[in-house]
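Worksheet for the structure shown next.
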Amino acid sequence: MKKQQDQDNSFIAEALPAFISEAQEQIETLEQLLLQLEDAPDDQELLGALFRCAHTVKGSAGIFGLDQVVAFTHHVETLLDRLREGRVALTPELSTLLLQCNDQIRALIAAAQDPQAEAATGAQAREALVLRLQAASGDGDATAAAAPVVATPDTPAAASARRWHLSVYFGTDTFRNGMDPLAILNYVRGLGTIPRLACDLAGVPSLEAIDPESCHLGFEFSLETAASREEIESAFSFVRDDCTLHLIEPGGTPNDFAALIEEMPDNPRLGDILIAVGAITRVQLQQALTDQRMATATDGLAPPLGEILQAKSGLSPQVVTAALNKQSKQREGTATAAPGDDNRFIRVQADRLDAVINLLGELVIAGAGASLLARQARQGTLIEATAQIGSLIEEIRNGTLQLRMVPIGETFSRFRRVVRDTAAELGKDVLLDIVGGETELDKSVVERIADPLMHLVRNALDHGLETPEQRVAAGKAPQGKLTLSACHESGSILIRILDDGRGIQREKVLERAWDRGLVERGVVPPEADILKLIFEPGFSTAEKITNLSGRGVGMDVVRRNIEALRGSVNIHSEPGCGSRIEIRLPLTLAIIDGFLIGVGPSKFIFPLDAVVEVIENRLTETALDASGRSMVELRGQVLPVVSLRSLYALDSPEPERSSVVVIQSGGRRYGVMVDQLLGQHQTVIKPLGRMFRSLRGMSGSSILGNGEVALIFDVGSLCQLAEQPPPGRASTPQSPTVNPAPHASSASQGQAS
């Protein structure tokens with residue numbers, strides 16, 4: 001017994017992290033369903049999904065012995081059941097109560113790994129919520145905390161205990177879903193005593209055909225307990241969708257046994273069927289078989305076993321008929337293998353996936369090195385082999401990186417609660433609109449962008465959107481609108497936070513900048529520069545300090561965190577109409593397709609998706625201004641061009657002919673003058689060292705196949721440098737000129753070599 005108990009404890013300890021992860025997902029889903037129900041309080045499908053979420057959390061917590069979670073969630077489940085049945089109507093106050101209860105469940109789940117972490121105030125808060133739940137449910141005595149009693153194996157059987165018969169057949173995916181039938185049965189044992197238990201082996205296939213990952217277990221057993229039907233069924237809540245469960249109450253009718261027989265797997269022997277469903281005992285069967293043999297020896301004719309059982313054991317003819325009908329059905333075959341469900345999921349620890357991607361990066365570098373050596377050796381077969389390996393590495397890279405891509409809509413949905421609570425606190429009516437939630441990007445980017453988005457959303461609610469009275473006075477609808485949108489653009493993801501509020505008050509921003517000495521008093525910078533002032537550390541236009549006020553509070557942190565992701569943030573605002581904040585981020589932080597170029601001995605990489613086209617083999621023009629800029633004509637339009645040699649003061653002689661790489665960033669196009677076009681390159685992104693983090697226009701580095709280091713351009717920052725390069729980086733000042741159309745050909749993206 002002690003060995004079995006140790007095994008159970010070991011199972012619980014190993015499975016607890018998986019339970020916590022899944023429970024947190026259920027809690028997030030529960031919150032989103034509650035917020036959706038506020039717009040459609042009578043939606044039965046949403047109400048049913050809401051009840052199932054709470055029921056799943058309660059049932060799974062019971063398996064792991066988390067009695068506080070079970071007890072508290074029981075009250076939530078009761079109220080949700082009333083809502084589902086239409087006995088209670090969902091009101092905004094009731095929705096707020098359920099959201100608070102969901103927060104309490106989240107706290108209890110978080111404390112499951114450290115039971116000592118919960119403070120006494122947590123218990124008091126739960127008691128207050130229980131009273132409110134009971135009052136909302138319409139319970140007669142709202143002061144009685146009638147939480148379900150969770151029995152333990154040491155609980156003695158009550159005097160009023162009754163004997164139930166249970167039949168449970170687990171689905172083939174039970175093991176794959178992380179559940180252990182033995183642990184569930186041990187939990188059931190805690191509700192009382194199990195005097196008899198039999199495992200039905202009829203559904204177990206032969207050793208040659210069995211799938212070790214599929215479950216073929218079925219159990220028939222008796223349970224002596226004082227628990228109610230609901231309490232017994234709740235023990236199977238976590239696997240309710242993966243099992244067939246039947247309960248026959250004490251004194252069950254023949255119809256109960258007949259229905260149970262019909263649900264059983266095919267069994268060829270009548271006696272085994274009747275014993276399995278609890279209609280007779282094995283002693284009664286043995287006695288009936290003895291009587292049958294004696295009658296055969298005496299009369300030479302064996303009477304039917306069913307007739308003997310009816311006469312000797314008082315078995316109902318209806319039960320015997322049901323068993324005979326079941327016996328007469330031919331087996332259609334042994335249990336089948338696990339179904340090929342393409343939509344099944346498997347959980348993988350994030351650090352394991354990160355380790356695989358790191359190794360993949362090293363594989364990309366090693367493959368590039370092997371390809372370079374093959375070209376230097378000029379061996380055709382070796383070049384062909386390394387090219388095939390490179391193609392396979394690229395396919396593996398794309399497939400592996402796709403594993404880390406998640407929809408950003410999951411992050412956006414979390415802000416429904418933030419918008420709801422913050423707007424209520426500020427006395428505002430705000431509608432949150434989510435657009436492009438299906439847009440995918442790297443999970444690591446999603447996790448690190450959540451906090452900056454939180455700052456921006458809260459600031460838009462507090463500082464941007466007006467109260468209903470202010471909006472009506474301004475001729476607007478009383479309800480404000482906040483939009484979160486995402487889309488792919490030029491190989492990156494563009495996130496927008498839009499509000500239809502009052503916009504940024506430029507005069508107030510400028511006045512505060514004068515007061516703080518950020519701008520010389522009386523000087524009025526361009527509009528774009530005024531808006532950028534709110535990103536200065538500690539800058540705020542709030543009249544009084546609160547936990548929300550001030551669009552500038554934390555905005556410097558927002559910009560720093562976004563730039564740490566190789567991203568950029570820009571603000572657009574129109575007085576009286578609202579503001580738009582645009583965040584541009586890379587899709588992944590690991591491996592990208594790049595376009596390799598050379599300037600003298602230095603190598604650089606552009607993200608391939610940002611490259612529009614290249615203008616090859618043009619005569620090098622010396623007509624550069626003091627900042628290393630010039631202009632070229634491209635299909636009748638003037639294209640600004642910047643020289644990397646001048647911009648970064650690269651010490652190398654200029655070639656006679658050069659090329660221009662046309663880059664697009666944020667809807668703007670500009671050219672970059674380079675010496676060599678080295679073609680497409682799989683780029684493993686490595687972080688810049690501390691010494692080079694202040695280098696503007698760069699987002700990272702990469703190791704080439706020959707061991708050289710190439711710097712990766714941040715096309716957005718490079719565009720800003722091309723427009724307003726820093727002082728001290730210029731060559732000999734010369735007047736900017738417009739060059740005639742180049743005589744060289746124009747190549748499409750990625751075709752240069």
Side-chain angles (χ1 to χ4, degrees), residues 22-62 66-109 125-150 228-241 245 413-421 423-424 429 431-432:
E22 293 179 2
Q24 288 171 341
E25 291 180 5
Q26 293 289 342
I27 292 169
E28 289 295 333
T29 303
L30 214 156
E31 180 173 291
Q32 297 305 318
L33 288 171
L34 283 170
L35 295 172
Q36 293 177 43
L37 274 168
E38 290 188 333
D39 298 327
D42 298 325
D43 191 321
Q44 288 299 317
E45 185 175 345
L46 292 177
L47 288 169
L50 191 66
F51 177 82
R52 288 192 295 273
C53 280
H55 195 62
T56 299
V57 172
K58 172 188 167 184
S60 57
L66 303 178
D67 298 347
Q68 290 182 336
V69 179
V70 174
F72 182 75
T73 311
H74 173 78
H75 296 287
V76 177
E77 185 185 46
T78 300
L79 177 56
L80 294 177
D81 193 36
R82 302 282 199 279
L83 289 170
R84 186 176 59 166
E85 295 173 352
R87 296 161 60 182
V88 176
L90 184 66
T91 63
E93 295 76 15
L94 201 57
S95 181
T96 299
L97 172 61
L98 288 170
L99 285 169
Q100 293 172 349
C101 292
N102 195 50
D103 292 339
Q104 189 63 232
I105 297 173
R106 182 184 284 110
L108 288 171
I109 294 296
R126 281 200 307 278
E127 291 176 3
L129 289 173
V130 166
L131 294 178
R132 294 171 61 190
L133 285 168
Q134 291 175 333
S137 301
D139 290 350
D141 184 9
T143 61
V149 177
V150 182
S228 65
R229 172 183 284 271
E230 291 182 355
E231 290 172 323
I232 298 174
E233 288 181 340
S234 69
F236 298 89
S237 297
F238 201 45
V239 291
R240 197 65 183 88
D241 295 335
L245 175 67
S413 297
R414 299 177 189 174
F415 295 113
R416 293 188 184 276
R417 176 75 180 277
V418 176
V419 171
R420 178 191 186 276
D421 293 348
D429 186 7
L431 171 66
L432 176 63

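Worth saying up front: this structure is predicted, and the values here are computed from it rather than measured.
- Taking both residues in full, the closest heavy atoms of Leu94 and Ala89 are given as CD2-O, 3.5 Å, listed atom of the first, atom of the second, then distance.
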Give the C-alpha distance, both sets of side-chain angles, the deciding distance and a yes or no for side-chain contact (heavy atoms from CB on, under 4.5 Å) between Leu80 and Glu77.
CA-CA 5 Å; Leu80 294 177; Glu77 185 185 46; 5.6 Å; no
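- Heavy atoms only, all atoms of each residue included: Pro41 and Leu47 are closest at O-CD1, 4.0 Å.
- Residues satisfying the ring pair (Phe, Tyr, Trp, His ring centres under 6.0 Å) criterion with Phe415, sequence neighbours excluded, are absent altogether.
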Could you give me the CA-CA distance, side-chain angles and deciding distance for Leu83 and Phe51, then say whether side-chain contact (heavy atoms from CB on, under 4.5 Å) is met?
CA-CA 9 Å; Leu83 289 170; Phe51 177 82; over 6 Å; no
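- Every side chain to side chain contact (heavy atoms under 4.5 Å, CB included) that Gln26 has, sequence neighbours left out, goes to Cys53, Thr56, Val57.
- The distance from the CG atom of Leu98 to the CG atom of Leu79 is 5.0 Å, given to the nearest 0.5 Å.
- Here the CG atom belonging to Leu35 is positioned 10.0 Å from the CG atom belonging to Leu30, to the nearest 0.5 angstrom.
- For the side-chain contact (heavy atoms from CB on, under 4.5 Å) with Leu50, the lone residue among Leu37, Leu90, Val76 that qualifies is Leu37.
- Glu93 meets the salt bridge (charged side-chain N to carboxylate O under 4.0 Å, His left out) test with no other residue; sequence neighbours excluded.
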Check step by step if side-chain contact (heavy atoms from CB on, under 4.5 Å) holds for Gln32 and Thr29.
CA-CA 5 Å; Gln32 297 305 318; Thr29 303; 5.8 Å; no
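- Atom CD1 of residue Ile27 and atom CZ of residue Arg106 lie 6.0 Å apart, to the nearest 0.5 angstrom.
- When the side chain to side chain donor-acceptor pair (under 3.5 Å) test is applied to Glu25, the partners found at least two apart in sequence or on another chain are Arg347.
- The side chain to side chain donor-acceptor pair (under 3.5 Å) search around Asp421 returns Arg417, not counting sequence neighbours.
- Sorted by first and then second residue, the pairs that involve residues 33-53 and meet salt bridge (charged side-chain N to carboxylate O under 4.0 Å, His left out), not counting sequence neighbours, are Glu38-Arg420.
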With side-chain contact (heavy atoms from CB on, under 4.5 Å) as the criterion, how do Arg414 and Glu31 come out once you've worked through the C-alpha distance, each side chain's angles and the decisive distance to 0.1 Å?
CA-CA 9 Å; Arg414 299 177 189 174; Glu31 180 173 291; 5.8 Å; no
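- Legend: residues meeting side chain to side chain donor-acceptor pair (under 3.5 Å) with Arg84, ordered by chain and number and at least two apart, are Asp81.
- Distance check: Arg126 CZ to Leu133 CG gives 12.5 Å after rounding to the nearest 0.5 Å.
- A donor-acceptor pair is defined here as one N or O able to donate and one able to accept, closer than 3.5 Å; no such pair exists between the side chain of Arg82 and the backbone of Val88.
- Between the CD atom in Gln104 and the CD atom in Gln68 there is a gap of 9.5 Å [rounded to 0.5 Å].
- Here the side chains of Ile105 and Thr73 are in contact, with some heavy-atom distance below 4.5 Å.
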